[in-house]
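A short worksheet on the structure shown next.
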Amino acid sequence: MDELTPLAIPFDNSYARLPARFYARLEPTPVRAPRLVAINGALAAELGIDPATLASPAGLLALSGNRPPPGAEPLAQAYAGHQFGGWSPQLGDGRAILLGEIEDNKGRRRDIQLKGSGPTPYSRMGDGRAPLGPVLREYIVSEAMHALGVPTTRALAAIATGEPVLRQEGPLPGGVLTRIAASHIRVGTFQFFAARHDEEGLRLLAEHCIARHYPGAEGAAGLLRAVIAAQAKLIARWMSLGFIHGVMNTDNMSISGETIDYGPCAFMEGFDPAQKFSFIDEGGRYAYGNQPGIGQWNLSRLAVALIPLLGESEEEAVEAAKDALGAYPALYDAEWRARLSEKTGVEDDGALGARLLGLMAEARADFTLTFRHLAEAAEGNEAPLRALFPDAALDQWLTDWRAAPGERNAAALRAANPLYIPRNHLVEEAIEAGYRGDYAPFEALNAVLARPFEAQEGRERFALPAQPGEAVARTFCGT
Ligand code: AMP
Ligand code: MG
């Protein structure tokens with residue numbers, strides 16, 4: 001396929017059919033010298049797109065935004081949001097452009113979006129661009145999350161733009177990520193219309209979301225309940241992996257229940273519930289242990305936004321909102337306990353898991369390896385697990401664990417507890433090499449993380465926590 005044969009993508013753009021005030025139509029801004037960094041062949045196949053065409057000259061033109069493929073209707077979505085608790089009535093895609101939607105091979109509607117593709121009417125002071133580093137980070141971490149079984153947006157491709165992006169650190173090579181999502185509709189999208197008292201917009205958006213994400217949901221109340229359930233489940237999954245999103249603003253919380261907007265995100269190593277990474281999160285609002293509560297707070301913002309649709313009278317609407325929100329703690333708890341039970345291999349009322357987490361926090365034991373080594377302990381080899389804790393610290397817990405009802409099946413434990421997560425120092429290493437034009441570490445890391453539950457020969461180093469001097473204390477938004 002040559003440059004003149006455009007990509008054939010069967011777009012069907014339902015968001016673009018919503019009223020004009022939902023978005024701004026515009027073309028991506030072309031870049032000087034696009035070069036392919038990565039194509040996600042498996043995901044391309046899932047989308048019914050031939051990976052070879054993506055890697056062709058026409059593919060590169062499409063993925064860089066230089067020439068959107070036929071059928072694309074590029075637009076930037078409008079939204080609002082609470083950022084670190086503070087209200088912003090006007091945000092929107094400041095550096096992302098939705099090309100359109102396609103149906104995948106399972107009949108699911110998916111967004112194709114370029115992130116870092118130039119300024120939009122919502123860019124405010126921003127340049128609409130992304131440095132290559134954050135593009136690589138989102139690629140690595142979102143694909144790792146998918147392999148770990150967590151609902152997430154996906155990475156279809158990464159390109160280098162050949163143009164520098166100016167940031168605090170100085171000029172950095174630019175990049176564009178092609179992101180795939182069930183949709184990019186956020187809590188903040190509803191807030192956008194609610195803040196404008198645009199009841200019609202709110203209703204159309206709710207109908208769109210129901211049809212697209214929760215076809216069984218009845219009305220706005222049903223939609224709210226469905227989003228609450230999806231988010232409770234999602235956040236419990238994050239917690240069960242030691243994942244810290246880093247910027248759980250309402251504009252970064254998706255209606256579909258996928259993890260979205262990987263910025264200063266990170267996986268925890270030594271367990272500390274107060275752990276945060278984002279340097280912009282000074283107060284620790286989005287620290288690991290706060291995530292379930294922040295989730296609930298964000299969902300209450302969604303409920304407030306939906307009030308005009310929730311009842312005939314305001315009292316009725318408020319009651320419906322309270323009712324839906326009231327279910328969150330129990331939904332979260334049930335999911336968290338189920339995850340913990342799976343991770344420990346015993347039937348658990350939460351107490352045994354909670355005690356282990358307490359011991360882990362005292363010892364700052366590696367989150368991932370502690371759970372992973374339960375599999376060896378189940379086979380009679382307690383040494384790797386005990387090595388993460390001070391002498392005798394686990395004596396009583398291990399005794400109680402062995403006595404608890406449950407299977408403690410080593411294979412099941414290995415299937416529930418990953419060996420490999422995107423450790424921060426490995427991600428940083430891949431990014432630094434990427435900046436030098438060496439994508440081998442990025443590729444090697446992705447290959448390991450594609451099979452996170454399987455011990456891979458010769459890949460031992462990818463399972464290890466950062467050694468002293470390698471530890472990454474803060475991650476950067478890189479906006
Ligand atoms: P985030 O919290 O990183 O998801 O971004 C918050 C808001 O800032 C969103 O509206 C983004 O589109 C916008 N934004 C972030 N970085 C840039 C940038 N470099 N140029 C323009 N807008 C940006
Ligand atoms: Mg965002």
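As the structure is a prediction and not an experimental result, all values here were calculated from the model. As the structure lists them, so they are numbered: ligands from 1, and atoms in each ligand from 1.
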Worked check of side chain to side chain donor-acceptor pair (under 3.5 Å) between S14 and E101: CA-CA 7 Å; S14 66; E101 304 154 28; 2.6 Å; yes

M125 to ligand 1, any heavy atom closer than 4.0 Å: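 M125: no contact with ligand 1 (<4.0 Å).
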
Within-shell test, G92 vs ligand 1, heavy atom, strictly < 4.0 Å: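 Under 4.0 Å: yes for G92.
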
For ligand 1, the portion of Q83 having any non-hydrogen atom under 4.0 Å away: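 The answer is the side chain of Q83.
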
Under-4.0 Å heavy-atom contact with ligand 1, by part of Y79 that carries it: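 The answer is the side chain of Y79.
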
R137 side chain to E428 backbone, donor-acceptor under 3.5 Å: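 No, because the side chain of R137 does not come within donor-acceptor range (under 3.5 Å) of the backbone of E428.
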
For L91, atoms of ligand 1 separated by under 4.0 Å from a heavy atom: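 Answer for ligand 1: 10 (O).
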
Proximal ligand 1 atoms for D261, defined as those under 4.0 Å from one of its heavy atoms: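 Atoms satisfying the 4.0 Å criterion: 4 (O).
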
Between [X] and ligand 1, does any nitrogen or oxygen pair lie at a separation below 3.5 Å?
X	result
R95	yes
N252	yes
R129	yes

Proximal candidate to atom 11 (C) of ligand 1 [heavy atom criterion; set G118, S123, G81, G94]: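 The option holding the nearest heavy atom is G94.
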
Distance flag, aromatic centroids of F84 and Y286, threshold under 6.0 Å: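 Between F84 and Y286, which both carry aromatic rings, the centre distance is below 6.0 Å.
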
Heavy-atom closest contact (V135 atom, A158 atom, distance):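 Scanning both residues completely, I find the closest heavy atoms to be CG1-CB, 3.8 Å.
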
Metal site the Mg ion (ligand 2): N/O/S of D261 inside 2.8 Å: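 It does: D261 brings an N, O or S atom closer than 2.8 Å to the Mg ion (ligand 2).
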
N249 near the Mg ion (ligand 2): N/O/S under 2.8 Å: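 Checking N249: none of its N, O or S atoms is under 2.8 Å.
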
Parallel, tilted or perpendicular, as decided by the 30° and 60° cut-offs, for the rings of F243 and H245: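 Aromatic pair H245/F243 classed perpendicular.
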
Y15 and Y23 aromatic ring geometry - parallel, tilted or perpendicular at 30°/60° bounds: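 Because their plane-to-plane angle lies in the 30° to 60° range, the rings of Y23 and Y15 count as tilted.
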
Test item: side-chain donor near acceptor, H213 and S183, under 3.5 Å: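 Checked: H213/S183 side chains pair up, N/O donor to acceptor below 3.5 Å.
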
Side-chain ion pair, R110 and D104, N-O less than 4.0 Å: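 The answer is yes: the pair qualifies as a salt bridge.
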
